[in-house]
Amino acid sequence: MSQLLIIAPHPDDAEIHCGGTIAAHVRLGASVVVADATRGELASRGSPEERAREAAAASRILGLTARENLGLRDGYLSTGDSAARDAIIDCLRRHRPAVVIALSGHARHPDHVALSGLVEVALKGAELHGLKTSAPAHRGMRLWWCEAEVRISPDLLVPLTAEDWARKMEAVRCYGSQLHQAGGGPLTTISQPGFLDDIEDRGRAWGREAGAPFAEAFARGLDLPRIQDLRAC
């Protein structure tokens, strides 16, 4: 049973978009699992094997309890794909998380947009006893959308220490096949020279609003948060 389950479209998305939150929760003693939906086989740079090695290195840095790959088709994620939906349902049931984090559908990459829809329906599907997968039904999960490549108006900011942020960036840098390097292949959003600076700038900007060195932004999922004691907010 995991306390946090992050379902990401490709290897590197969890680190880029919520790596600081992962590092902070591991520091606090939480069990954190990442499930990458695809192997990133259609990426302009880096092979699936190379990205798997990079993901393993990043997982060690972040201190993940476990990481797995669902083996869905990169570039072909679709909200109408019942097999993909069932794979995500099975993942939710096997790990039985209290909290699920997925990339916001407020995004440009088609896989980012599609996976958000798949996760949304899979959370309800995981509760249905009549829908059979390898694990029994699981309910009571809280869903949060982490900010993807397009900025959001957040419902929640997770304040991060400088150490949390340093661990996040160390994990992001594990993905050398995707980041800027001279003669490293076609230019992509991630491989632009200023990409890491852009991540840093966004983290600092949210941090100023959160009263912390850095922060990451989240939008609420299907249900309103339930807070019994407002003094804790």
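Here the structure is a predicted model, which is why all the values come from computation and not from measurement.
Not a single side chain to side chain donor-acceptor pair (under 3.5 Å) links K132 to another residue, sequence neighbours left out. Applying the salt bridge (charged side-chain N to carboxylate O under 4.0 Å, His left out) rule to R167 yields no partners; only residues at least two apart in sequence or on another chain are considered. Here A210 pairs with L157, P159, A215 under the side-chain contact (heavy atoms from CB on, under 4.5 Å) rule; sequence neighbours left out. Judged as a ring-ring contact (aromatic ring centres under 6.0 Å, His included), and not counting sequence neighbours, the contacts of W165 are F214. For R220, there are no salt bridge (charged side-chain N to carboxylate O under 4.0 Å, His left out) partners, not counting sequence neighbours. When the ring-ring contact (aromatic ring centres under 6.0 Å, His included) test is applied to H109, the partners found at least two apart in sequence or on another chain are H10, H112. R53 meets the salt bridge (charged side-chain N to carboxylate O under 4.0 Å, His left out) test with no other residue; sequence neighbours excluded. Under the salt bridge (charged side-chain N to carboxylate O under 4.0 Å, His left out) criterion, E54 pairs with no residue, sequence neighbours left out.
In this structure the side chain of W144 never reaches within 4.5 angstrom of the side chain of V100, judged on heavy atoms. Under the 4.5 Å side-chain criterion, counting only non-hydrogen atoms from C-beta, P213 is not in contact with L160. In this structure, the side chains of Q192 and D198 stay at 4.5 Å or more apart for every pair of heavy atoms. The shortest side-chain heavy-atom distance between Y76 and L42 falls under the 4.5 Å cut-off. The side-chain heavy atoms of V32 and I6, taken from C-beta on, include a pair separated by under 4.5 Å. A 4.5 Å side-chain heavy-atom check between T189 and E149 finds every atom pair outside the cut-off. Two residues are said to be in side-chain contact when any heavy atoms from C-beta on lie closer than 4.5 Å; L103 and L115 fail this criterion.
In terms of heavy atoms, G40 sits closest to R51 at O-NH1, 3.4 Å. Of all non-hydrogen atoms in L72 and E41, the two that sit nearest each other are O-OE2, 4.0 Å. Of all non-hydrogen atoms in A55 and P11, the two that sit nearest each other are CB-CB, 4.3 Å. The minimum heavy-atom distance between L179 and F195, with the atom names listed, is CD2-CD2, 4.1 Å. Across D12 and Q178, no two heavy atoms sit closer than the pair OD2-CG, 3.7 Å.
Listed by chain and number, the hydrophobic cluster partners of V113 come to none, as no ILVMFWY side chain reaches under 4.5 Å of it.
Atoms NZ and CD, from K168 and E15 in turn, are 9.0 Å apart once rounded to the nearest 0.5 Å. For the atom pair S177 OG and Y175 OH, the distance stands at 9.0 Å (nearest 0.5 Å). Note: I152 CD1 to F218 CZ = 8.5 Å, rounded to the nearest 0.5 Å. The line from OG of S116 to CG of L77 is 10.5 Å long, rounded to the nearest 0.5 Å.
Between the side chain of R67 and the main chain of V34, no donor-acceptor pair closer than 3.5 Å is present. Looking only at distances, a side-chain donor or acceptor of T38 sits under 3.5 Å from a matching main-chain atom of P9. Checking side-chain atoms of D36 against main-chain N and O of N69 turns up no donor-acceptor pair under 3.5 Å. Checked by atom type and distance alone, the side chain of R96 pairs as donor or acceptor with a backbone atom of R93 at under 3.5 Å.
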**Report entry** D223/R142 under side-chain contact (heavy atoms from CB on, under 4.5 Å): CA gap, chis, key distance, verdict
**Finding:** CA-CA 8 Å; D223 302 310; R142 176 72 61 203; 3.3 Å; yes
Requested in this report: Applying side-chain contact (heavy atoms from CB on, under 4.5 Å), run through I101 and L5 and close with a yes or a no.
Outcome: CA-CA 6 Å; I101 296 174; L5 173 63; over 6 Å; no
Side-chain donor/acceptor pairs under 3.5 Å, residues 118-130, sequence neighbours excluded:
{"residue": "K124", "atom": "NZ", "partner": "E127", "partner atom": "OE1", "Å": "3.2"}

Sequence neighbours excluded and cut-off under 3.5 Å, please list the side-chain donor-acceptor pairs for residues 81-91, or say none.
{"residue": "D81", "atom": "OD1", "partner": "A83", "partner atom": "N", "Å": "3.1"}
{"residue": "D81", "atom": "OD1", "partner": "A84", "partner atom": "N", "Å": "3.1"}
{"residue": "D90", "atom": "OD1", "partner": "T133", "partner atom": "OG1", "Å": "3.1"}
{"residue": "D90", "atom": "OD1", "partner": "S134", "partner atom": "N", "Å": "2.9"}
{"residue": "D90", "atom": "OD1", "partner": "S134", "partner atom": "OG", "Å": "2.5"}
{"residue": "D90", "atom": "OD2", "partner": "R94", "partner atom": "NE", "Å": "2.9"}
{"residue": "D90", "atom": "OD2", "partner": "S134", "partner atom": "OG", "Å": "3.1"}

Could you pull out every donor-acceptor pair under 3.5 Å between side chains of residues 17-29 and any protein atom, sequence neighbours left out?
{"residue": "H17", "atom": "ND1", "partner": "E147", "partner atom": "O", "Å": "3.3"}
{"residue": "T21", "atom": "OG1", "partner": "E216", "partner atom": "OE1", "Å": "2.6"}
{"residue": "H25", "atom": "ND1", "partner": "T21", "partner atom": "O", "Å": "2.8"}
{"residue": "R27", "atom": "NE", "partner": "D164", "partner atom": "OD1", "Å": "2.8"}
{"residue": "R27", "atom": "NH2", "partner": "D164", "partner atom": "OD2", "Å": "2.8"}

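Checking each of H138, E68, Q3 against H95 for a side-chain hydrogen bond (donor to acceptor under 3.5 Å, both in side chains) leaves exactly one that passes, namely E68.
Put simply, V33 and I61 are part of two different groups of oily side chains (I, L, V, M, F, W, Y) that touch within less than 4.5 Å, one to the next. Hydrophobic clustering (ILVMFWY, side-chain heavy atoms < 4.5 Å, transitive): M141 and I7 are in one cluster. Hydrophobic clustering (ILVMFWY, side-chain heavy atoms < 4.5 Å, transitive): L196 and I16 are in one cluster.
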